[in-house]
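Keep in mind that the numbers below use all heavy atoms, side chains included, and drop hydrogens, waters and symmetry copies. Naming: A, B, ... by sequence-line order, numbering from 1 per chain. Bear in mind that the values here come from a model prediction, so they are computed numbers and not experimental data.
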There are 2 protein chains.
Amino acid sequence: MRKGELTHQAILERAIQLASRVGLQGLSIGGLAEELQLSKSGLFAHFRSKTSLQVEILEAATALFTERVIRPALTQPRGEPRVRALFENWLTWERELVPEGGCIFVAAATELDDAPGPARDRLVQTQRDWLDCLAQAARIAVAEGHFHKDVDVEQFAHDENALLLGFHHSARLLKEPRAETWARRAFDALLRAARPQRS
Amino acid sequence: MRKGELTHQAILERAIQLASRVGLQGLSIGGLAEELQLSKSGLFAHFRSKTSLQVEILEAATALFTERVIRPALTQPRGEPRVRALFENWLTWERELVPEGGCIFVAAATELDDAPGPARDRLVQTQRDWLDCLAQAARIAVAEGHFHKDVDVEQFAHDENALLLGFHHSARLLKEPRAETWARRAFDALLRAARPQRS
DNA sequence: CGGAAAAAAGCACGGGCGTTTAGAAAGAGG
DNA sequence: CCTCTTTCTAAACGCCCGTGCTTTTTTCCG
């Protein structure tokens, strides 16, 4: 009754790490079980199939992401500070996961983009929510007068997200030391362009 | 002597398509053989291992990329037109591969970023070359006076590449119809910021 | 056209996969 | 403490994987 839920959670926690390294498809139940010193069938019993394991991994990762990236940003003042905080928190999220495989959503995005099914659906929803979140923060910044009135907030969200993807690419694949600098500079330019007055 | 090289090439051609859908790891020799109506061992004989197949796929894809994206851009006038052409050609490259799995390099990038080995090494080199190519085009634009003198061309290349990744993400995962519009608008903003005179 | 060389096929291997089933160990509640 | 339920294990399944080995078919060239 309680022990079960506990290991269930522990499995997911470890699975997130492993999946961000080897991918949601690359993750094997046997391998995950070994890492946790659990029997393969014992682990499997917690999830009725690999697909639902993948979905649960994405859901657990989404919860973690909300907790670590989005929620802390909401404590920041409305407007540009909050927009900045979202960006910085994501950078931290990615950086902290560097010893592991980096942001699991980025890894899953290219892996699942041609693989229809529940896992893909879940991921799409998460990504849509994230973009909406970024757009909403920008919208508030417009309302607060921090951004120019006719800033296209969806475009802004898209551009910001592209920078995050670019950072992941530079940092993880190319191991480029300047990746973080580049990402931050590009984001500063984005902010500058969005502000009302021409300097 | 000649027939061999011919099928070898045909295999790689098809493998590029398949790999951009299912990934370099996800690609199975049996599956590829079936698509080509070839025996598994017959296909395998062309490559001594799956790893070297993956490397050859990346090399063939790089050659194709150079042919389709880079070379045509070199016929454009030096400076901003060529910079634009590189961006547009990449968009076309990605768009034409949409019925297939989209740009194979983007797919491979997140798949291999935690998988050391020859395939990863080859991909990293290709990506570095691509970024250098973008930076070089920007450098020429600076020399031609199309871009401001103190534009950081490496930063520019990074930003441009991030937009391409963002486009892939929006178009392939989210199936966002506005993806191309967003990418182009963002790139226009990038160009605008790089031009010498303040409007 | 015939024979050497190349290319492709057939077959089998060891192994890991996801999944099922049956049973042992552990936990919880009266 | 005993029993019922939950949690975990052990073993096995059918399948497909990458990879060798052997044989057949095809291609090339004198």
Does the pair A:Q136 and A:R139 meet the rule for a side chain to side chain donor-acceptor pair (under 3.5 Å), with working shown? CA-CA 5 Å; A:Q136 180 59 20; A:R139 198 169 288 119; 2.6 Å; yes

Mind calculating the distance between [atom1] ([X]) and [atom2] ([N]) to the nearest angstrom?
X	N	atom1	atom2	value
B:Q9	C:dA7	CD	P	14 Å
A:L6	C:dG27	CG	P	12 Å
A:H46	D:dT9	NE2	P	9 Å
B:F47	D:dG20	CZ	P	15 Å
A:L53	C:dC17	CG	C1'	14 Å
B:K50	D:dG20	NZ	C1'	17 Å

Given [options], which nucleotide is nearest the side-chain atoms of [X]?
X	options	value
B:K40	C:dA9, D:dA12, D:dC17	D:dC17
A:S39	C:dT19, D:dT9, D:dG18	D:dT9
B:T7	D:dC28, D:dC8, C:dA8	C:dA8
A:F44	C:dG18, C:dA9, D:dT19	C:dG18

Checking side chain to side chain donor-acceptor pair (under 3.5 Å) for the pair A:E176/B:H158: CA distance, chi angles, key distance, verdict? CA-CA 11 Å; A:E176 172 61 60; B:H158 165 273; over 6 Å; no

Which word best sums up how the rings of A:F65 and A:W93 line up, parallel for under 30°, tilted for 30 to 60°, or perpendicular for over 60°? perpendicular

Note: B:Q76 and B:A85 closest approach over all heavy atoms is CG-CB, 3.5 Å

Tell me whether the OP1 or OP2 atom of D:dA11 has a side-chain N or O from A:S41 closer than 4.0 Å. no

Below 4.0 angstrom from OP1 or OP2 of C:dA7, is there any side-chain N or O of B:H8? no

Please list residues of residues 22-38 of chain A whose heavy atoms come under 4.0 Å from any atom in DNA chain C, ordered by number; otherwise none. A:L27, A:S28, A:I29, A:G30

Given B:E180 and B:R184, is the salt bridge (Lys or Arg N to Asp or Glu O under 4.0 Å) satisfied, shown in steps? CA-CA 6 Å; B:E180 200 161 332; B:R184 248 189 274 267; 2.5 Å; yes

For B:F187, the option from B:F87, B:F167, B:W182, B:W90 that meets ring pair (Phe, Tyr, Trp, His ring centres under 6.0 Å): B:F87

Check whether any side-chain heavy atom of B:R68 sits under 4.5 Å from a side-chain heavy atom of B:N89, and report yes or no. no

